[in-house]
Amino acid sequence: MKEYILRLAENPYFIAGALGGLAAGLFLIFIILIAVIIKQNKTSKKIEDFMGSQYSQMNLEKLFVDFIKKSKIVEEQELNILAKMEEVNNKLTYTLQRIGVVRYNPFSDVGGDLSFSIALLDNTYSGFVITGIYTRQGSFTYLKPVRKGRGDENDKRYRLSKEEAEAVQRAIASH
């Protein structure tokens with residue numbers, strides 16, 4: 001085998017052919033290298049155009065890993081926000097947010113609609129009615145509880161007058 005290689009090496013045509021093949025191979029590798037560099041530059045330009053210049057020189061794998069980490073953080077924050085919103089919505093159900101007002105004149109000897117009933121209710125139609133009655137002798141204020149849009153029919157102290165019931169109905173319709 002050694003002898004064969006030595007004979008081939010002594011042959012000038014073989015040496016020229018080997019060097020020519022080697023040069024052609026190197027030239028082909030050089031062309032491929034230039035094509036890869038051009039392709040990489042185009043890809044970098046596309047990334048820069050798409051994502052902005054601060055990301056153009058970053059490793060794509062690191063870039064995607066960072067974005068995945070950030071998206072997981074955003075998902076966790078979204079879940080926290082949704083939980084807080086649910087909590088706030090539950091609390092809002094029981095806040096006073098429906099208002100109804102009726103002004104009236106309960107006595108013919110007093111001028112103007114100086115008396116009033118104001119209903120303040122939550123979303124379950126519960127809350128209270130404040131009534132202010134104005135007479136020549138004085139002014140009186142009453143507070144009556146309201147549950148599910150009604151006064152307490154069993155306790156005559158808390159039965160709603162016609163004007164108070166109207167204020168409750170206006171409050172219910174106010175949303």
Can you tell if the side chain of Tyr94 reaches within under 4.5 Å of the side chain of Thr124, non-hydrogen atoms only? yes
For residues Thr131 and Ser117, report the shortest heavy-atom separation together with the two atoms involved. OG1-OG, 3.1 Å
Should the heavy atoms of other residues, nucleotides or ligands under 6.0 Å from CD of Glu61 be counted, would the total exceed 12? no
Mind checking whether Leu26 and Ile34 sit in one hydrophobic cluster, side chains of I, L, V, M, F, W, Y counted as touching below 4.5 Å? no
Cluster link Val146 to Ile118, ILVMFWY, side chain under 4.5 Å: no
From CZ (Phe140) to OG1 (Thr135), nearest 0.5 Å: 5.0 Å
Test item: Ser126 side-chain N/O and Lys148 main-chain N/O as donor-acceptor pair under 3.5 Å: yes
How long is the span from the CZ atom in Phe116 to the CD atom in Glu164, to the nearest 0.5 Å? 11.0 Å
Identify the two heavy atoms, one from Arg98 and one from Ala171, that lie closest to each other, and give their separation to 0.1 Å. CB-O, 3.2 Å
Output for pair (Ser71 OG, Glu78 CD), nearest 0.5 Å, gives 11.0 Å
Are any of the side-chain nitrogens in Glu166 or Arg170 under 4.0 Å away from the carboxylate oxygens of its partner? yes
When you measure from the side chain of Arg103 to the backbone of Asp113, do you find a donor-acceptor pair of N or O atoms at a distance under 3.5 Å? yes
Contact check, side chains of Ile133 and Tyr104, non-hydrogen atoms, under 4.5 Å: yes
Can you tell me how far OH of Tyr134 sits from OG1 of Thr141, rounded to the nearest 0.5 angstrom? 13.0 Å
About how many Å separate CD of Glu163 and CG of Asn105, when rounded to the nearest 0.5 Å? 10.0 Å
Can you name the nearest heavy-atom pair linking Leu143 to Ile130, along with the distance? CD1-CG1, 3.5 Å
Determine, for Glu87 against Lys91, whether the closest basic-nitrogen to carboxylate-oxygen distance falls under 4.0 angstrom. yes
Starting from Val129, can I reach Tyr125 by hopping between I/L/V/M/F/W/Y residues whose side chains sit under 4.5 Å apart? yes
Is there side-chain contact between Ile172 and Gln169, with heavy atoms separated by less than 4.5 Å? yes
Under 4.5 Å between any side-chain heavy atoms of Asp122 and Thr95, yes or no? no
Applying the 4.5 Å side-chain criterion to the ILVMFWY set and letting contacts propagate, would Tyr142 and Leu120 be lumped into a single cluster? no
With a 4.5 Å limit on heavy-atom distance, are the side chains of Asn123 and Leu92 in contact? no
Heavy-atom side-chain contact between Asn89 and Thr93 under 4.5 Å: no
May I ask you to test the Lys144-Leu160 pair for a side-chain heavy-atom distance under 4.5 Å? yes
Assess whether a salt bridge exists between Lys62 and Asp66, defined as any Lys/Arg side-chain N lying under 4.0 Å from an Asp/Glu carboxylate O. yes
Within this structure, what is the OG-CG distance for the pair Ser139 and Leu114, rounded to the nearest 0.5 Å? 9.0 Å
